[in-house]
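Heads up, the thing below is written out as structure tokens.
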Amino acid sequence: MAAPTALTVNYTRIQTLTSYFQHCRRSKRWINLKTVNRRSPFCQSLKRHVATVVSGTELARQIHKEVQSDIAKLVAQGNRRPHLSVILVGDDHASHTYVRNKTRTASLLGMSSSTIFRPSSVSQEEMLELIYKFNKDRSISGLLVQLPLPAHINERAICNAVAPEKDVDGFHIVNIGKLCLDQRCMVPATAAAVWEIIRRTGIETVGKNVLVVGRSKNVGMPIAMLLHSDRNHERPGGDATVIMAHRCTPLPRLKELASLADVVIAAAGVPHLITADMVKEGAAIIDVGINRMQDPVTGKLRLVGDVDFEAVKEKAGFITPVPGGVGPMTIAMVMKNTVTAAKNAPTY
Ligand SMILES: Nc1nc(=O)c2c([nH]1)NC[C@@H]1CN(c3ccc(C(=O)N[C@@H](CCC(=O)O)C(=O)O)cc3)C=[N+]21
Ligand SMILES: [Mg+2]
């Protein structure tokens, strides 16, 4: 039988000396940190319980209330009611679901909205003309073109056609540039959603290790941009040590990086990529993945994230579910961006 192992400090629960003293005071026992037997009752009591499941639906409700009262105030002051216009191309089922979610939420919050449908055969020229018309229309506060677009349309050209001050997606090159320079801008909704989940849950980022898995321009990149940047800049950042992993990161390396991370943001679009063996005990796990998979038992399509939720929940400190995590918060942040656009709109 192996000799009792000397344990310095179990950092999963006891993260600071202060919390060690608090623990000792509560449990009315003091221990020599250098000589604890791993099998002692004290160590048993250090075992973590399952993660706090962070409800994006609940947090979104909070933001809805704030946005709703902002809208009511704007209108009471005699301003135009904020209006969100969405351009939806083609008949992708998921895109239709997301757009319906956005317009339904808009009306719940007292915002008006409209969706312009075009077939996937629409020309880029027609798209651009629509956008120019909406840019000039003073009754429209926010305008977004649902992505992805058909292959014959240049997405970059479309995103750059939207007036930056109406660009509630934050996809215009000027808004992306400002984001990268830590200037105030329209922050892409998914990145803003992750930021708000972290802030409102009280997850610390300053000096922490954050691993962003996925480097898409609309999701991974802006999330990494927010979290690594300086908290004292015009657009405050998270002051974290951010590492980005992507499809070229070897799996053993991903595991190594994840085991060091205090916060993991999974945005790779790979079901169950993040498994329990990878994550550090007590880490915060934010699942941005939305993968539609056929349930082997019922045969129905089921929404799953990039995280093996059931297993990782047993080890993490915080975890967001899919559905009901980042998704509803993304919608809430589009609403918030639209009200911001309405507030900044000229009043003439
Ligand atoms: N121009 C543009 N802006 C976007 O913001 C944008 C986009 N294009 N293209 C696609 C992605 C994805 N996205 C989501 C929004 C809501 C949910 C959402 O509501 N999810 C629910 C489940 C919804 C369901 O059942 O499918 C949830 O996670 O609980 C998910 C994903 C916005 N996007
Ligand atoms: Mg979700």
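Order of appearance sets the numbers: ligands from 1, and atoms from 1 within every ligand.
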Open item on the list: Treating Asp306 as the side-chain partner and His272 as the backbone partner, does any N or O pair qualify as donor plus acceptor under 3.5 Å?
Closed with: no

TODO: Would you check whether Ala189 reaches within less than 4.0 Å of ligand 1, judged by its heavy atoms?
DONE: no

Open item on the list: Side-chain heavy atoms nearer than 4.5 Å, only ILVMFWY residues, links allowed to pass through others: does that put Val326 and Val212 together?
Closed with: yes

Task: Atom indices of ligand 1 within 4.0 angstrom of Pro328 heavy atoms, with elements - done: 27 (C), 28 (O), 29 (O)

- [ ] Specify side chain, backbone, both or neither for Leu147, according to which of its non-hydrogen atoms lie closer than 4.0 Å to ligand 1.
- [x] both

Open item on the list: Please evaluate residues Glu256 and Arg253 with respect to the criterion salt bridge (charged side-chain N to carboxylate O under 4.0 Å, His left out), reporting the C-alpha separation (whole Å), side-chain torsions for both, the decisive distance (0.1 Å), and the verdict.
Closed with: CA-CA 5 Å; Glu256 199 171 82; Arg253 183 79 178 132; 2.4 Å; yes

Open item on the list: Under 4.0 Å, heavy-atom basis, I'd like to know which part of Val334 is in contact with ligand 1: side chain, backbone, both or neither.
Closed with: neither

TODO: Apply the test side chain to side chain donor-acceptor pair (under 3.5 Å) to residues Ser114 and His83: give CA-CA distance (whole Å), side-chain angles for both, the deciding distance (0.1 Å), then the verdict.
DONE: CA-CA 8 Å; Ser114 51; His83 182 99; 2.9 Å; yes

- [ ] Can you sort out which atoms of ligand 1 are near Pro323, meaning under 4.0 Å from one of its heavy atoms?
- [x] 27 (C), 28 (O), 29 (O)

Task: Arg156 versus Ile176, closest heavy-atom pair with distance - done: NH2-CD1, 3.7 Å

- [ ] With atom 7 (C) of ligand 1 as the reference point, say which of Arg302, Met329, Gln146 has the nearest heavy atom.
- [x] Gln146

- [ ] Report yes or no: does Val322 have a heavy atom closer than 4.0 Å to ligand 1?
- [x] no

Open item on the list: Can you check which of Ala94, Gly324, Gly325 brings a heavy atom nearest to atom 29 (O) of ligand 1?
Closed with: Gly324

Task: Interfacing atoms of ligand 1 (cut-off 4.0 Å, heavy-atom, Asn101) - done: 19 (O)

TODO: Could you tell me which residues satisfy side-chain contact (heavy atoms from CB on, under 4.5 Å) with Glu165, sequence neighbours excluded, listed by chain and number?
DONE: Ala163

Open item on the list: Between Lys343 and Asp70, does any side-chain N to carboxylate O distance fall below 4.0 Å?
Closed with: yes

Open item on the list: Using a 3.5 Å cut-off on N or O atoms only, is Leu144 in polar contact with ligand 1?
Closed with: no

- [ ] Provide the number and element of each atom of ligand 1 under 4.0 Å from a heavy atom of Asp169.
- [x] 1 (N), 2 (C), 3 (N), 4 (C), 5 (O)

Task: Side chain, backbone, both or neither: Lys102 near ligand 1, heavy atoms under 4.0 Å - done: side chain

- [ ] Please assess Lys300 against Asp295 for the test salt bridge (charged side-chain N to carboxylate O under 4.0 Å, His left out), listing each intermediate value before the final yes or no.
- [x] CA-CA 5 Å; Lys300 277 187 187 160; Asp295 191 305; over 6 Å; no

Let me check something: any side-chain donor-acceptor pairs from residues 218-229 under 3.5 Å, sequence neighbours excluded? List them with distances.
residue : atom : partner : partner atom : Å
His228  : ND1  : Ala224  : O            : 3.0
His228  : ND1  : Met225  : O            : 3.3
Ser229  : OG   : Met225  : O            : 2.9
Ser229  : OG   : Leu226  : O            : 3.2
Ser229  : OG   : Arg235  : NH1          : 2.8

TODO: Select one of side chain, backbone, both or neither to describe which atoms of Ile290 lie under 4.0 Å from any atom of ligand 1, heavy atoms only.
DONE: side chain

Open item on the list: With a heavy-atom distance limit of 4.0 Å, tell me whether Arg292 approaches ligand 1 through its side chain, its backbone, both, or neither.
Closed with: side chain

